[in-house]
Novice: 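Pasting a structure here, questions to come.
The shown structure was predicted, so the numbers you read here are calculated from the model rather than taken from an experiment.
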Amino acid sequence: RVPVLADHPLVRGPRFRKLKIGAGHRLDVKASGVFVLGIGHGNMLLTDLYNCHLTKVYTVGGLFGKATDDFSDTGNLVEKTTFDHITREKLERILAVIQGTNQKALLMYSNIDMKTQEAYELAVKGLIRPMGKSPPIITAVRCLQFALPEFQLEIHCLHETQQYLRKMVHEIGLELKSSAVCTQVRRIRDGVFTVDDALPRTQWNLQSIQEAIQNCQLKVETELEKTL
């Protein structure tokens, strides 16, 4: 629990009673990385950004050889398996199948006639996205590191949850006739926001927050104008 500092003797000035802070795409307690917040009028921009259905990018760590009840390496152990037969080529073959299947789903939920000029122009700009709610969709996935039993993936996705990504690691293990658990889920991009835009805990002060808002303002306006 965190102490409430509003009544601390070193806190000065009147309380903010109408300052609203809203959360963007959430991160669960086992995940880390970019977490977007809206302050004041920025809450309306959060809604607009949500309606853009922007891609999020994660680095996801995995460990072959065991399975747990919650697909993470901290869960209760369910089974252990061998993994010596797994190669990077076999893993990348599975990733290609996952990406191909999800590309078909992306086209289906985008409600765009793929034979039109509009579809071609959107594809060139990388703007083919679901127009509404859809199941989680993986738009791209690649292997960043492979050193048995560990591996790391970069996953570009829409409408996902972090638990969905952990389950994906588990299913990759099954496809490779083994098992796997997720060791890390880190969001490195949320739409226009990247790790470089994020403020570490040591910079949670008024000046740094104001500068962060000003630095991101043009990127947000440009993306909203382009997409909406």
Side-chain angles (χ1 to χ4, degrees), residues 25 27-28 30-34 53-75 77-110 112 114 119-120 122-130 134-191 193-196:
H25 299 110
L27 285 172
D28 64 30
K30 292 184 179 181
S32 64
V34 180
H53 303 285
L54 300 176
T55 300
K56 296 179 284 300
V57 182
Y58 293 82
T59 55
V60 177
L63 180 72
F64 289 118
K66 63 179 183 177
T68 61
D69 58 346
D70 65 356
F71 313 128
S72 76
D73 60 334
T74 58
L77 185 66
V78 174
E79 67 171 344
K80 286 188 175 183
T81 54
T82 58
F83 52 82
D84 297 338
H85 62 282
I86 299 174
T87 64
R88 183 167 188 149
E89 289 72 25
K90 290 180 179 179
L91 173 60
E92 289 181 339
R93 205 174 301 142
I94 297 296
L95 299 182
V97 172
I98 292 173
Q99 184 167 317
T101 304
N102 279 266
Q103 286 290 348
K104 293 179 181 177
L106 177 61
L107 297 177
M108 182 176 71
Y109 284 99
S110 64
I112 296 174
M114 297 312 296
Y120 172 77
L122 288 173
V124 169
K125 296 177 182 177
L127 291 178
I128 293 182
R129 299 168 188 158
S134 76
I137 295 176
I138 307 297
T139 58
V141 56
R142 67 189 182 105
C143 180
L144 295 178
Q145 296 177 10
F146 183 85
L148 281 179
E150 298 181 17
F151 63 99
Q152 186 180 56
L153 308 177
E154 180 181 279
I155 303 176
H156 299 236
C157 46
L158 298 158
H159 302 168
E160 81 300 328
T161 64
Q162 288 81 56
Q163 187 62 11
Y164 174 82
L165 299 177
R166 295 187 190 98
K167 186 178 180 182
M168 178 178 162
V169 169
H170 168 74
E171 291 173 348
I172 288 172
L174 296 180
E175 288 290 335
L176 291 166
K177 296 180 173 55
S178 181
S179 58
V181 292
C182 183
T183 58
Q184 178 201 50
V185 176
R186 181 169 177 78
R187 186 191 288 159
I188 59 174
R189 175 183 286 274
D190 185 346
F193 301 99
T194 68
V195 172
D196 293 335

Novice: Please tell me if the side chains of Leu54 and Phe193 come closer than 4.5 Å, counting only heavy atoms from C-beta onward.
Specialist: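 In short, these two side chains do not touch, never coming nearer than 4.5 Å.
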Novice: Heavy-atom distance under 4.5 Å between the side chains of Val195 and Val34, does that happen here?
Specialist: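 Yes, close enough: below the 4.5 Å cut-off.
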Novice: Taking Gln145 for the side chain and Gly61 for the main chain, is one N or O donor matched with an acceptor at less than 3.5 Å?
Specialist: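 Checking the backbone N and O of Gly61 against the side chain of Gln145, no donor-acceptor pair under 3.5 Å is found.
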Novice: Contact between Val169 and Phe71 at the side-chain level, heavy atoms closer than 4.5 Å - yes or no?
Specialist: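 In short, these two side chains do not touch, never coming nearer than 4.5 Å.
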Novice: Return the set of residues passing side chain to side chain donor-acceptor pair (under 3.5 Å) with Thr59 (not counting sequence neighbours), or none when no residue passes.
Specialist: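 Applying side chain to side chain donor-acceptor pair (under 3.5 Å) to Thr59 gives none.
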Novice: Under 4.5 Å between any side-chain heavy atoms of Glu160 and Tyr58, yes or no?
Specialist: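 In contact.
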Novice: Not counting sequence neighbours, list each pair that qualifies as a salt bridge (charged side-chain N to carboxylate O under 4.0 Å, His left out) and has a residue in residues 162-174.
Specialist: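 Listed by first then second residue: Asp28-Arg166.
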Novice: Is there a donor-acceptor pair under 3.5 Å between the side chain of Thr81 and the backbone N or O of Ser179?
Specialist: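 Present.
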Novice: For the side chain of Lys30 and the backbone of Gln162, is there at least one donor-acceptor N/O pair under 3.5 Å apart?
Specialist: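 Not a single qualifying donor-acceptor pair exists.
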Novice: Under the rule for side chain to side chain donor-acceptor pair (under 3.5 Å), what residues qualify as partners of His25, not counting sequence neighbours?
Specialist: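 Scan of His25 (side chain to side chain donor-acceptor pair (under 3.5 Å), adjacent residues dropped) gives Asp190.
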Novice: Could you tell me whether the side chain of Ile98 reaches within less than 4.5 Å of the side chain of Glu175, counting heavy atoms only?
Specialist: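 No; the side chains remain at least 4.5 Å from each other.
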Novice: Who are the side chain to side chain donor-acceptor pair (under 3.5 Å) partners of Asp69, not counting sequence neighbours?
Specialist: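 With neighbours one apart ignored, the set is Asn76.
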Novice: State which residues pass side chain to side chain donor-acceptor pair (under 3.5 Å) with Lys177; sequence neighbours excluded, sorted by chain then number.
Specialist: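 Side chain to side chain donor-acceptor pair (under 3.5 Å) list for Lys177, sorted by chain: empty.
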Novice: Checking the side chain of Arg189 only, and the main-chain atoms of Gly191 only, is there a donor and an acceptor separated by less than 3.5 Å?
Specialist: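 A pair under 3.5 Å: yes.
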Novice: Answer whether the closest heavy-atom distance between the side chains of Leu165 and Cys182 falls below 4.5 Å.
Specialist: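 No, their side chains stay 4.5 Å or more apart.
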Novice: Looking just at side-chain N and O atoms, do Asp84 and Thr82 make a donor-acceptor pair shorter than 3.5 Å?
Specialist: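 Checked: Asp84/Thr82 side chains show no N/O donor-acceptor pair below 3.5 Å.
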Novice: Name each donor-acceptor pair under 3.5 Å that joins a side chain in residues 149-159 to protein atoms two or more places apart or in another chain, with its distance.
Specialist:
{"unit_1": "Glu154", "atom_1": "OE1", "unit_2": "Arg142", "atom_2": "NH2", "d": "3.4"}
{"unit_1": "Glu154", "atom_1": "OE2", "unit_2": "Arg142", "atom_2": "NE", "d": "3.2"}
{"unit_1": "Glu154", "atom_1": "OE2", "unit_2": "His156", "atom_2": "NE2", "d": "3.0"}
{"unit_1": "His159", "atom_1": "ND1", "unit_2": "Ser134", "atom_2": "OG", "d": "2.8"}
{"unit_1": "His159", "atom_1": "NE2", "unit_2": "His53", "atom_2": "ND1", "d": "2.9"}

